[in-house]
Amino acid sequence: MYWNQEIECLPRNELEKLKLRRLKETVFRIYSFVPSYQAKMDKAGISPGDIRTLEDISKLPFTTKQDLRDNYPFGLFTVPMSDVVRIHSSSGTTGKPTVVGYSRRDIDGWADLMARALICAGATRYSVVQNAYGYGLFTGGLGVHYGAEKIGASVIPSSGGNTKRQIMMMQDFGTTVLTCTPSYAMYMHEVLSEMGISPSDLKLKSGIFGAEPWSEDMRRQLEEKWGIDAYDIYGLSEMMGPGVAIECPEKVGLHIFEDHFIAEIIDPETEEVLPLGEKGELVLTTVNKEALPIIRYRTRDLTSLIAEPCPCGRTHVRMNKVLGRSDDMVIIRGVNVFPSQVESVLLNIENVEPYYLLVVERKNNLDELEVWVEVSEKAFSDEIRKLERLEKQISKELESSLGVYAKVKLVEPKSLQRSEGKAKRVEDRRVL
Ligand code: DLL
């Protein structure tokens, strides 16, 4: 049930002491080795010695993605390159990619965290883990891989793509745990059905899905379609990769591994720290990283923290499912809309498939949202009148849930692009 019960169930007061000790060390380390962060601290009039309590963290300056870009590629590392044993990098769709580095100790620590995460989500040494997160510069593949090996599971490093072969391996190798993005798990199920295979012919018991936002409704559909338990795993390259937080079988919030990361929630506008339980932007600090420690990283992910103890016995704070990234949020006539909200509405409507795209355009200086929705084969063969009725129904339900009008465009079954990794949910056609 636990990989490291002592740490995971550490009484809060001891956990706080451990966090404070490690925070002080981290601040000292960065101040000594990272000139750009030292300059920021000097400018804010704060020195490492000013961190005396955990609350003092709020005095420290933030780190943003821009800081990583400004220091591209290795400017924030606190060890010489001879001590760096691994590099990962984001795809960098805009501007320079962000580059992260790991020392031997970091890689061991990450493997240990991922071992804790996988066990937390019910995997064991008897599991056959098919790891369909991409291997390569993306942290998903190798991150999960090391943790799964560490717990002694049998790992199939299938990586993303080649979906028919994935399913063949699932059948032939007796996969019990599938790890991939939720959108890829959905697509895999579509291919499984096309191949005429029933999930009951497989040994699959659970899925550990993350790397992109997904709604509770998506969880319900994945669990029903596959006949599995679906767990949410969260992480980001800047902190390490997957394994920052994960759900336990209670499935109410993701435990943040606080002996490695300190979490705060801030108001993204005012940058004020919000009281526990309030919704805002997640800010994370690494307190056990060697090569690339990062203080108060603005994740841009919106969520809230849950302080109540969890029945599973873990004492570490939980975070709610991430609503979305502020980068994916579209503002339509002043109303903030996240793809995951649209997803929740769509997945509760009959004859709608779990594939959709938000298209944003600017017409006459006004932003307009169009939601492209795939309909089921059955609905598609219906008469036009019925399709029009469905379109109106979706539009009405979207409006009542989002608080803003969105035009709905029904599209043919299987016409929207399928995802083998992170799904693209927003197409921004505005020329700004
Ligand atoms: O996506 C690491 C990862 C790999 C996590 C595999 C889980 C599983 P990045 O590519 O750096 O790292 O992207 C990080 O993805 O800031 C979130 O916006 C989003 N994200 C990751 N996990 C979740 C999740 C990996 N469970 C960015 N729910 C983060 C919602 C998630 N969003």
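Counting starts at 1 for both ligands and their atoms, in listed order.
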Carboxylate-amine/guanidinium contact [X] [Y], below 4.0 Å:
X    : Y    : answer
R430 : D367 : yes
K289 : D106 : no
E247 : K321 : no
D56  : K59  : yes

Checklist entry - In order of chain and number, which residues sit within 4.0 Å of ligand 1 by heavy atom? => result Y133, F138, T139, G140, G210, A211, E212, P213, D232, I233, Y234, G235, L236, S237, G241, P242, D301, V322, R325, K422
Checklist entry - Distance under 6.0 Å and angle within 45° of the ring axis: does R418 meet both against Y355? => result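 Yes, R418 and Y355 form such a contact.
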For residues 249-256, which side-chain donor-acceptor pairs fall under 3.5 Å, sequence neighbours excluded?
| from | atom 1 | to | atom 2 | distance (Å) |
| --- | --- | --- | --- | --- |
| K251 | NZ | E223 | OE2 | 2.7 |
| K251 | NZ | D229 | OD1 | 2.6 |
| H255 | ND1 | H316 | O | 3.2 |

